[in-house]
There are 2 protein chains.
Amino acid sequence: MPETRIQSRNRAAILDAGLEIFSRYGFRGATLDQIAGEAGLSKPNLLYYFQSKEAIHRALLLQLMDAWLEPLRDIDPAGEPLDEMLDYVRRKLALSRDYPRESRLFANEILSGAPHIDDTLASTLRDLVDGAAALIADWVAEGRLAQVDPHHTIMSVWALTQHYADFDVQVRAVLDTDDPLRGAEAHLTQLFDRLLRPGA
Amino acid sequence: MPETRIQSRNRAAILDAGLEIFSRYGFRGATLDQIAGEAGLSKPNLLYYFQSKEAIHRALLLQLMDAWLEPLRDIDPAGEPLDEMLDYVRRKLALSRDYPRESRLFANEILSGAPHIDDTLASTLRDLVDGAAALIADWVAEGRLAQVDPHHTIMSVWALTQHYADFDVQVRAVLDTDDPLRGAEAHLTQLFDRLLRPGA
DNA sequence: CGTGCATTTTACCGATTGGTCAAATCATTG
DNA sequence: CAATGATTTGACCAATCGGTAAAATGCACG
């Protein structure tokens, strides 16, 4: 039996509401009543579509991880190293701009010790990072990127791009601008260009 | 009436326990029972020393903000610009290394929209940042630092140093090392050196 | 129409939440 | 020692937590 219109609509509404609430208060801080209210449904109706609070959270985390790692997968080994890296930074920043709630959901999960991320997910993450790090190491060895630690470089991209989404409130308070992401792209491009551009 | 030995001991134990729990679960996710258990006191005994759950949280946030901004205050306008900036990065990273719970507490507060940080605190923060940014701008104008956006540069220091504390689990999973902070200092020094060192 | 299934609601459950209160205990000082 | 204030505890509260059961409703289709 395929999913009916009403099913997909409500499931989507619940996931969207869950994203809103979980990303703001974390798993433990979020309540089903809040999520139900945000979704415009009653609490028992929520639990008609998802077996438990954790099931909603798990579904969100799963669909997140895939999208989150996509920019890393899109680095082209055959491309021009510096361009590939700068494009990677821009793609990751775009993700932070377009999906700040997903970013905060992930941040909350990590902050609380990643209790809902199992070993499979963790090793997938590590394999992907190790692959990209190996690629960067090759580029460095060929002299097509400046000398850097590949793993720390990837971590830096994550730290900086994610910061603009996760610390939105802080960024706005300190920068006093309506669109902090605009200046961010120029700044981050400059930063990683100077870090990675091979010496003359 | 001065604070007795037993008072200061229990107050300290409560604040330490609160830091542990709040930093892991956020304000809403933390419970007084958890904090009481961690502090080795009964829940009513907690509330003998602090009026409410929020009072504990507020006390923690207050003592945190001061320590957190100290490295920024310690930048010496009379010093050598690049050295001052790199020292600032190292001081901030040391804070992340030595006080990861404070860092996570702050991150949790910002993630949930900073509901407990009032206007006074926010403007203090902004004034300090604006002051440091003005100093950096001067140094850039004098040609003693490379062309950068001062505000975004400060934000980058925060993002990178804080990341190593807040995302400890992720950092360890990806880097596979016991002491991720060791490599971090070398990497961040290199990164900010290349970003800020004035061109030849 | 009416039958059957999907959907929603009302009422409720035991456990836990932040917090209170008065009684009990402890420690200090005269 | 006695007394006095500081500290701690157990019992308890209303509200809220995640979740359940069953009845009520909506809806598609013969």
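Residue numbering restarts at 1 for every chain, and letters A, B, ... go by the order of the sequence lines. Note that this is a predicted model, so its numbers are computed, not measured. Computation of the quantities below employed the complete heavy-atom set of this structure, encompassing side-chain atoms and omitting hydrogens, waters and symmetry-equivalent molecules.
- Where Glu54(B) and Leu46(A) meet DNA chain C, the nucleotide closest to each residue was compared, and Leu46(A) sits on the side nearer the 5' end.
- The CD1 atom of Ile35(B) sits 11 Å away from the P atom of dT17(C) (whole-angstrom rounding).
- Comparing dG18(D), dT17(C), dG19(C) by their nearest atom to the side chain of Asp33(B) picks out dT17(C).
- Regarding Asn45(A), its CG atom lies at a distance of 6 Å from the P atom of dT9(C), rounded to whole Å.
- Protein atom CZ of Arg9(B) is 11 Å distant from nucleotide atom C1' of dT7(D), rounded to whole Å.
- Classification of the Phe22(B)-His57(B) ring pair by plane angle, with boundaries at 30° and 60°, yields perpendicular.
- Put simply, Ser42(B) has a side-chain N or O that comes within less than 4.0 Å of OP1 or OP2 on dT9(D).
- With distances taken from any side-chain atom of Leu47(B) to the nucleotides dG19(C), dG19(D), dT9(C), the minimum falls on dG19(C).
- For dT9(C), neither phosphate oxygen OP1 nor OP2 lies less than 4.0 angstrom from any side-chain nitrogen or oxygen of Tyr48(A).
- With hydrogens and angles ignored, no donor-acceptor pair under 3.5 angstrom links the side chain of Lys53(A) to the base of dG19(D).
- Within the structure, a side-chain polar atom (N or O) of Asn10(A) is placed less than 4.0 Å from OP1 or OP2 of dT8(C).
- Of the candidates dG19(D), dT7(C), dC21(C), dC21(C) carries the atom nearest the Pro44(B) side chain, counting heavy atoms from C-beta on.
- Taking side-chain N and O atoms only, Gln7(A) has no distance below 4.0 Å to OP1 or OP2 of dA6(C).
- For dT8(C), the OP1/OP2 oxygens have a side-chain nitrogen or oxygen of Tyr49(A) closer than 4.0 Å.
- The interatomic distance linking Arg28(B) (CZ) with dT16(D) (P) rounds to 11 Å, in whole Å.
- For the pair Thr31(A) and dC17(D), the criterion of a side-chain N or O lying under 4.0 Å from OP1 or OP2 is met.
- A cation-pi arrangement, defined by a distance under 6.0 Å to the six-membered ring centre and an angle within 45 degrees of its axis, is present between Arg11(B) and Phe50(B).
- In this structure, the CZ atom of Phe50(B) is 16 Å from the P atom of dG18(C), given to the nearest Å.
- For Gln147(B), the CD atom sits in a loose shell: 12 or fewer heavy atoms of surrounding residues, nucleotides or ligands are nearer than 6.0 Å.
- Rounded to a whole Å, the CD1 atom of Ile21(A) is 16 Å from the C1' atom of dG18(D).
- Between Lys43(B) and Asp33(B) a salt bridge is recorded (basic side-chain N to carboxylate O distance below 4.0 Å).
- Checked for salt-bridge contact, Asp83(A) and Arg90(A) miss the test: no charged N lies under 4.0 Å from a carboxylate O.
- Closest to the Ile6(A) side chain, of the nucleotides dT8(C), dG19(D), dT8(D), is dT8(C).
- Among the heavy atoms of the strands lying under 4.0 Å from Ala30(A) are primed sugar atoms or P, OP1, OP2 only; no base atom is included.
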